[in-house]
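Notes follow once the structure below has been shown.
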Number of protein chains: 2
Amino acid sequence: MIKFIIMAKRSKQEEAELRHVFGKAGARFTRQREAVWQLFKGKARGLTIPEAAKALKRKGVGPATVYRTAALLEGLGLLRRVHDAGGERRFVASRPGHYHALVCRSCGQVVDFEGCDLSLLERVLTTETGFRIEGHHLEVFGLCASCKAVNK
Amino acid sequence: MIKFIIMAKRSKQEEAELRHVFGKAGARFTRQREAVWQLFKGKARGLTIPEAAKALKRKGVGPATVYRTAALLEGLGLLRRVHDAGGERRFVASRPGHYHALVCRSCGQVVDFEGCDLSLLERVLTTETGFRIEGHHLEVFGLCASCKAVNK
DNA sequence: GCCATAATGATAAATTTTATCATTAACTGA
DNA sequence: TCAGTTAATGATAAAATTTATCATTATGGC
Ligand SMILES: [Zn+2]
Ligand SMILES: [Zn+2]
Ligand SMILES: [Zn+2]
Ligand SMILES: [Zn+2]
């Protein structure tokens, strides 16, 4: 019996980039891994692992692989964790670099933004606490334009 | 058979404050709820719910109550969520007001700090994206003074 | 194409979280 | 102080999430 699995469309260009990122890390470029990546890439609001697992079951990707792949993609910098208003752990597709998330508490849409200046704050914290600051995690939340319009 | 349950020490002063916070919200001040609160108050690095549940079992507090109480205390502003370097959800005792966490990635110690100026950033985000900004979540991580000394 | 082996799926197990309900105990007010 | 009311708890079960194991598959390098 033959299983037909429809893959999400992608450009040769993007495939080459992905292959490069995987290859550089010594990881294989499998059908399942690309399916996971394509799913997250198409969801602006990101997904929790259970959500992703449910969606990917239809594409023939098992739950264990979803867990393993999310961890891998996070390590490769292709996914980032965010936490929605309810504190739920979600993963969103990420470009490399220093990005943060602006999350709508109503529809869950995530808008990435680049640029934040916490250098002054970090300098103060260093002198006050003796910590060696290594990074930060910032999420801004509120209502997006359309939800703002609906929710009065 | 009589069960003796040793409660954590506390001042009459503090008990009165707690009773007030609970009462104002129409919640009862129970032995279990105080035990949960005392546990978190004594842990600078906070705890995950399973960690708290394990510690509180010895004090005669069941897991279900730990979950219920953590949610309640968070609602009352007595606990705040933080996420450690591994992305784990922890709860830490919190004073009311606008605080953030400085988390040591090695020992997990949490230092609260007050004061952050994101007003400029939020203003830019508002005009750029049309979001109505309602708040933010900021965590800074690194190595505390003593872990810095140990880890070279 | 063949090989070595990383990666997967299936399965089971462990862990975490939620639901249900009879029992307990905290507040109220007489 | 002492019932009466009812929120809160513990016990239990169930659901959901996450991890582990291992035989089988399929990728990447040759
Ligand atoms: Zn929205
Ligand atoms: Zn930043
Ligand atoms: Zn430390
Ligand atoms: Zn702030």
Side-chain angles (χ1 to χ4, degrees), chain A residues 1-5 7 15-16 18-37 39 47-76 78-79 81 83-84 86-91, chain B residues 1-5 7 15-16 18-37 39 47-76 78-79 81 83-84 86-91:
Chain A
M1 181 193 179
I2 299 171
K3 275 198 286 188
F4 289 94
I5 293 169
M7 299 290 295
E15 177 174 336
L18 277 179
R19 281 187 181 280
H20 180 66
V21 174
F22 278 78
K24 203 169 47 178
R28 292 180 181 177
F29 185 76
T30 67
R31 176 182 72 73
Q32 292 87 343
R33 286 176 177 177
E34 182 169 19
V36 173
W37 168 242
L39 173 67
L47 301 107
T48 64
I49 303 253
E51 285 169 353
K54 197 162 72 171
L56 288 162
K57 187 159 56 182
R58 281 172 272 163
K59 291 213 160 39
V61 181
T65 296
V66 178
Y67 280 95
R68 290 184 286 226
T69 304
L72 172 70
L73 295 180
E74 189 186 15
L76 296 178
L78 292 172
L79 290 183
R81 290 165 196 253
H83 304 93
D84 63 19
E88 248 183 342
R89 217 182 299 171
R90 314 182 74 80
F91 289 87
Chain B
M1 181 192 178
I2 298 170
K3 273 198 288 187
F4 290 95
I5 292 167
M7 297 290 295
E15 177 175 337
L18 278 178
R19 282 188 180 280
H20 179 67
V21 175
F22 279 79
K24 204 170 48 179
R28 293 181 180 176
F29 184 75
T30 68
R31 176 182 72 74
Q32 292 88 343
R33 285 175 177 178
E34 183 171 16
V36 173
W37 168 240
L39 173 67
L47 302 107
T48 64
I49 303 253
E51 285 169 353
K54 196 162 72 171
L56 288 162
K57 187 159 55 180
R58 283 171 271 164
K59 291 212 157 37
V61 182
T65 296
V66 178
Y67 279 95
R68 291 184 285 226
T69 304
L72 173 70
L73 295 180
E74 189 186 16
L76 296 178
L78 292 173
L79 290 184
R81 291 167 196 252
H83 304 92
D84 63 18
E88 247 182 342
R89 220 182 297 172
R90 314 181 75 81
F91 288 88

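In what follows, chains carry the letters A, B, and so on, assigned in the order in which the sequence lines appear, proteins first and then strands, with residues in each chain numbered from 1. Predicted model, so just to flag it, every value in this text is computed and none were measured.
- Closest heavy-atom contact between B/Ala25 and B/Leu76: CB-CD2, 3.4 Å.
- Using a 4.0 Å heavy-atom cutoff across all strands shown, B/Ala27 reaches sugar-phosphate atoms only and no base atom.
- Position along DNA chain C of the nearest nucleotide to B/Pro50 versus A/Thr65 favours A/Thr65 as the more 5'-ward residue.
- In this structure, the CD atom of B/Glu51 is 14 Å from the P atom of C/dT15, given to the nearest Å.
- Whole-Å rounding puts the A/Tyr67 OH to D/dT21 P distance at 17 Å.
- Annotation for A/Val61 and A/Ala35: closest pair CG2-CB, 4.2 Å, computed over non-hydrogen atoms.
- What separates NZ of B/Lys24 from P of C/dC27 is a distance of 16 Å, to the nearest Å.
- Side-chain contact between B/Phe22 and B/Leu72 is present, with heavy atoms from C-beta onward closer than 4.5 Å.
- A/Glu34 has its CD atom 17 Å from the P atom of D/dA26, to the nearest Å.
- Listed for the B/Arg33 side chain is a donor-acceptor partner under 3.5 Å among the backbone atoms of B/Arg28.
- The two residues B/Leu18 and B/Glu34 make their nearest non-hydrogen contact at CD1-OE2, 4.4 Å.
- Spacing between atom CZ of B/Arg33 and atom P of D/dG10 amounts to 11 Å, rounded to whole angstrom units.
- Atom pair A/Leu72:CG and C/dA6:P shows a separation of 14 Å (rounding to whole Å applied).
- Put simply, NZ on B/Lys57 is 14 Å from P on D/dT12, counting in whole angstrom units.
- Residue B/Lys54 contributes atom NZ, which lies 12 Å from atom C1' of C/dT15 at whole-angstrom precision.
- Closest heavy-atom contact between A/Glu51 and A/Arg90: OE1-NH2, 2.9 Å.
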Short heteroatom pairs, N/O only, protein and nucleotides 21-26 of chain C, under 3.5 Å:
| from | atom 1 | to | atom 2 | distance (Å) |
| --- | --- | --- | --- | --- |
| C/dA26 | N3 | B/Arg28 | NH1 | 3.3 |

